[in-house]
Number of protein chains: 2
Amino acid sequence: MGRVVIDVMPKPEILDPQGKAVVGALARLGFAEFAGARQGKRFELEVEGEVDQAVLDRAREAAQTLLSNPVIEDVVAVRAASNQE
Amino acid sequence: MGRVVIDVMPKPEILDPQGKAVVGALARLGFAEFAGARQGKRFELEVEGEVDQAVLDRAREAAQTLLSNPVIEDVVAVRAASNQE
């Protein structure tokens, strides 16, 4: 069973209220060293067999079609999961 | 400005309705090769200066305190963001 990791983040220029809320909460909890925060989504997709380039291409297609909103989000990574993950 | 990436995923044994919904939607869109899916969260935290071990330790503490629910989620990665990200 192979696994593909897909990372989706808000576009940098998009207002990120969630990120602002995280930074504010971190500061209130004493983690003032974090000057900024952004929150996105991480997907793991399972496939039969190994993850080859064809699988990665299909995963990127699926990420752009269903797993992200291209108006406000970027697909920042599509890769085979390493064994430590 | 250094950046720390934190990945949070649902614990494997936890029912993941979101993941089930993703797999179902992928199949309906013709991506039937994906047998399973799990959806988690990806954070990027910004710090002044470089990301050293002390910053990573604090980021892990912040992840376990605020950015994840230890009952249903695991912090699966805390690392310095690479330049490609």
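In the text below, chain A, chain B and the rest are named by the order of the sequence lines, each starting its count at 1.
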My understanding is that only residues two or more places apart in sequence, or in another chain, count here; which of them pass salt bridge (Lys or Arg N to Asp or Glu O under 4.0 Å) with B/Glu73?
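Checked B/Glu73 against salt bridge (Lys or Arg N to Asp or Glu O under 4.0 Å); matches are B/Lys41.
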Might you work through the side-chain contact (heavy atoms from CB on, under 4.5 Å) test for A/Arg42 and B/Val8, ending with a clear yes or no?
CA-CA 8 Å; A/Arg42 182 179 187 271; B/Val8 174; over 6 Å; no
Atom of A/Arg58, atom of B/Phe34 and distance for their closest heavy-atom approach
C-CZ, 4.1 Å
Check B/Val47 against A/Glu33 and note the closest heavy-atom contact, atom names and distance.
CG1-O, 3.5 Å
Return the option, out of A/Glu48, A/Glu61, A/Glu46, A/Met1, with the maximum number of heavy-atom pairs under 4.5 Å with chain B.
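With the most close heavy-atom pairs to chain B, the winner is A/Glu46.
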According to a 4.5 Å side-chain heavy-atom criterion applied to Ile, Leu, Val, Met, Phe, Trp and Tyr, with indirect links allowed, do [X] and [Y] form part of one hydrophobic cluster?
X	Y	value
B/Phe43	B/Ile72	no
A/Val51	A/Val75	yes
A/Leu56	B/Val23	no

Using non-hydrogen atoms and a 4.5 Å limit, figure out which bit of B/Leu29 sits close to chain A: side chain, backbone, both or neither.
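For B/Leu29, the contact with chain A is made by the side chain alone.
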Using a 6.0 Å cut-off, check whether atom CD of B/Gln53 has over 12 heavy atoms from anything other than its own residue.
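Count over threshold, so yes.
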Pick one of side chain, backbone, both or neither for A/Gln18, based on which atoms fall under 4.5 Å of a heavy atom in chain B.
neither
Please flag which part of A/Leu45 lies under 4.5 Å from any non-hydrogen atom of chain B: side chain, backbone, both or neither.
both
With a 4.5 Å cut-off on side-chain heavy atoms, are A/Leu67 and B/Gln39 touching?
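Result no, sub-4.5 Å side-chain heavy-atom pair not found.
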Is there side-chain contact between A/Leu66 and B/Phe31, with heavy atoms separated by less than 4.5 Å?
no
